[in-house]
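Written out below as structure tokens is the structure these notes cover.
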Amino acid sequence: MRTRPPFRADHVGSLLRPPALLKAREDFAAGRIDAQELRRVEDEAIRDVVRMQEEVGLKSATDGEFRRNSWHMDFIYRIGGIEKAPGNLKVQFRNEQGVIEFTPAALRVGERLHLKETIFGDDFKFLAEQVTTATPKLTIPSPNMVHYRGGPAAIDRSVYPDLEEFWSDLAAVYAEQVRRLGELGCTYLQFDDTSLAYLNDPAQRAQIAERGEDAEHLHLRYIKQINAALANKPEGMTVTTHMCRGNYRSSWAASGGYDFVAEALFNELNVDGFFLEYDDERSGGFEPLRFVPKGKTVVLGLVTTKRGEPESKDTLKRRIEEASKYIDVDQLALSGQCGFSSTVEGNALTHEQQVAKLRLIVETAEEVWG
């Protein structure tokens with residue numbers, strides 16, 4: 001069994017919001033309760049969900065991202081220099097029934113980027129106080145998401161006439177955020193990043209090219225950006241990255257295996273582990289894992305979080321065995337393919353199904369790795 005993260009049985013981070021929390025968020029938005037009361041309800045929900053994670057046997061615990069509307073925008077809007085802009089971003093997601101849109105407020109980089117506060121610092125401290133057996137894990141969007149979501153058009157060129165200065169400031173903001181999290185005792189940090197998975201999709205690369213960027217090499221810039229953010233990461237901190245092709249109300253945004261980015265991604269990205277979506281054919285085969293060097297862990301996201309029907313242990317074990325043809329089984333671990341609730345709305349499954357899937361991950365990992 002692994003004593004350091006990522007663990008043999010792990011999970012991506014977000015969890016279904018309980019009804020009481022959803023109601024409190026509605027009441028707060030309508031002015032029926034104040035911020036203090038909302039925080040109290042959040043605190044109680046997080047205490048319960050940490051207990052749940054430990055009871056099913058997980059060695060890592062998150063706060064379920066219960067204080068956020070979305071996995072990334074809540075963080076991005078708190079970076080100094082970024083503000084909400086008029087209108088909405090439009091991201092198309094697909095499922096078996098058709099197309100739905102995720103429409104967060106647009107963003108604008110209107111002044112030099114800077115860190116005004118330790119983002120989610122108080123949230124992490126509260127989480128750390130709740131765990132008893134698990135390692136507290138904080139999830140934040142990777143720096144690439146600041147650029148991928150808004151694109152060059154979101155950056156005021158009077159502020160950044162040279163985009164290299166934008167990239168430099170962005171790296172500095174993240175490096176300082178990581179340093180401060182280390183001071184708070186964070187030893188398990190995850191950079192969530194859809195961009196590096198989206199860029200495997202030719203349709204996504206076409207969209208990037210249409211906005212005037214070098215779509216064939218953008219993943220190299222993004223790898224460089226994460227490495228700059230982690231150049232001086234604190235001693236003893238494990239950093240992983242999670243990559244998926246979209247997860248909004250059980251829908252997805254992109255397709256394609258990891259082949260396009262694999263060689264550079266696995267060999268050049270300076271993280272300790274990779275959480276990889278692998279729950280259906282949209283993610284491609286395991287062949288790209290041949291590029292993963294020794295010393296890195298791949299957490300196979302074989303258990304879908306988009307549907308409630310449970311996977312069979314035999315199927316999961318067979319797929320782990322298939323992956324081990326390309327990478328040593330000792331470098332592998334198991335998780336869900338994404339979070340259960342990347343946005344406050346959550347995926348189309350019940351709390352009981354969510355718990356059953358987490359327990360399935362733990363039991364399967366114990367049977368595979370001991």
Side-chain angles (χ1 to χ4, degrees), residues 2 4-8 10 12 139-145 147-148 164 167-168 170-171 174-175 178 188-202 204-205 208 213-245 254-278 282-302 319-320 322-335 337-338:
R2 291 179 60 90
R4 287 192 59 181
F7 300 101
R8 295 296 188 194
D10 218 314
V12 169
T139 61
I140 64 174
S142 88
N144 304 333
M145 298 312 304
H147 177 264
Y148 200 85
E164 286 301 318
W167 290 116
S168 178
L170 182 61
Y174 266 80
V178 171
Y188 192 3
L189 179 65
Q190 180 173 293
F191 278 3
D192 289 323
D193 191 313
T194 59
S195 68
L196 288 166
Y198 280 23
L199 287 170
N200 290 286
D201 189 332
Q204 289 283 330
R205 294 202 299 277
I208 295 298
E213 296 189 88
D214 182 359
E216 298 303 305
H217 300 94
L218 187 58
H219 67 292
L220 301 178
R221 160 59 78 177
Y222 283 172
I223 290 168
K224 178 181 178 181
Q225 208 56 36
I226 292 178
N227 288 347
L230 297 176
N232 297 302
K233 77 169 184 175
E235 188 74 25
M237 177 186 284
T238 295
V239 179
T240 59
T241 187
H242 164 248
M243 289 167 283
C244 83
R245 296 153 186 79
S255 299
Y258 296 95
D259 307 77
F260 183 78
V261 303
E263 187 168 7
L265 174 75
F266 295 134
N267 282 289
E268 297 177 22
L269 192 65
N270 294 329
V271 295
D272 301 293
F274 304 89
F275 281 75
L276 301 181
E277 179 180 50
Y278 264 123
R282 283 186 308 105
S283 304
F286 295 122
E287 293 83 357
L289 300 183
R290 70 188 186 276
F291 292 114
V292 179
K294 296 293 184 182
K296 303 276 181 152
T297 300
V298 169
V299 188
L300 297 173
L302 301 176
R319 297 206 69 202
I320 292 169
E322 290 173 4
S324 69
K325 296 175 183 176
Y326 304 98
I327 179 175
D328 193 311
V329 69
D330 194 50
Q331 291 180 255
L332 295 174
L334 180 64
S335 76
Q337 133 269 344
C338 194

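The figures here come from the full heavy-atom set of this structure, side chains too, leaving out hydrogens, waters and symmetry mates.
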*Not counting sequence neighbours, which residues clear side-chain contact (heavy atoms from CB on, under 4.5 Å) with Glu213? List them please.*
His147, Pro152, Ile208, Arg211, Leu218
*Quick one: list whatever passes side-chain contact (heavy atoms from CB on, under 4.5 Å) with Pro234, sequence neighbours left out.*
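side-chain contact (heavy atoms from CB on, under 4.5 Å) list for Pro234, sorted by chain: Val178, Met237.
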*Could Arg221 and Tyr148 be counted as a cation-pi pair, given that NZ or CZ must be under 6.0 Å from the ring centre and within 45° of the axis?*
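No, Arg221 does not lie over the aromatic ring of Tyr148.
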Please report the shortest heavy-atom distance between [X] and [Y], naming the atom on each side.
X	Y	answer
Pro288	Asp259	CG-OD2, 3.7 Å
Phe266	Leu289	CZ-CD2, 4.2 Å
Ala264	Leu220	CB-CD2, 3.7 Å
Ala229	Phe191	CB-CE2, 4.3 Å
Leu332	Ala323	CD1-CB, 4.0 Å
Leu199	Ala215	CD2-O, 4.4 Å

First locate atom [atom1] of [X], then atom [atom2] of [Y], and finally report the distance between them rounded to the nearest 0.5 Å.
X	Y	atom1	atom2	value
Leu196	Leu276	CG	CG	11.0 Å
Thr297	Arg8	OG1	CZ	7.0 Å
Leu300	Arg319	CG	CZ	8.0 Å
Glu164	Trp167	CD	CH2	8.5 Å

So, [X] side chain and [Y] main chain: donor-acceptor pair closer than 3.5 Å or not?
X	Y	answer
Gln331	Lys296	yes
Gln190	Val12	yes
Asp272	Thr240	no
Glu277	Cys338	no
Asp201	Tyr198	no
Arg205	Asp214	no

*Close side-chain approach of Phe7 and Ser335, heavy atoms under 4.5 Å*: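 Contact flag for Phe7/Ser335 side chains = no.
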*Side-chain contact, heavy-atom cut-off 4.5 Å: Asp192 with Met145?*
no
_Centroid separation Phe291 to Tyr258 less than 6.0 Å_ = no
*In terms of ring plane angle, is the pair Tyr278 and Phe286 parallel, tilted or perpendicular, where the classes change at 30° and 60°?*
tilted
_Working for side chain to side chain contact (heavy atoms under 4.5 Å, CB included), residues Leu265 and Thr241_ = CA-CA 11 Å; Leu265 174 75; Thr241 187; 5.6 Å; no
_Surrounding CD of Glu263 (heavy atoms of other residues, nucleotides or ligands, distance under 6.0 Å), is the total greater than 12?_
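No, because the 6.0 Å sphere around CD of Glu263 holds 12 heavy atoms or fewer from other groups.
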*When Asn270 is tested against each of Leu230, Ile223, Asn227 for side chain to side chain contact (heavy atoms under 4.5 Å, CB included), which residue passes?*
Asn227
*Kindly indicate, with the supporting measurements, whether the criterion side chain to side chain contact (heavy atoms under 4.5 Å, CB included) is fulfilled by Tyr188 and Arg4.*
CA-CA 9 Å; Tyr188 192 3; Arg4 287 192 59 181; over 6 Å; no
*Residues which pass side chain to side chain donor-acceptor pair (under 3.5 Å) with Asp193, listed by chain and number, not counting sequence neighbours*: Ser142, Asn144, Ser195
_Ion pair check, Asp10 and Arg2, cut-off under 4.0 Å_ = no
*Step by step, work out the side chain to side chain contact (heavy atoms under 4.5 Å, CB included) result for Tyr222 and Val261.*
CA-CA 11 Å; Tyr222 283 172; Val261 303; over 6 Å; no
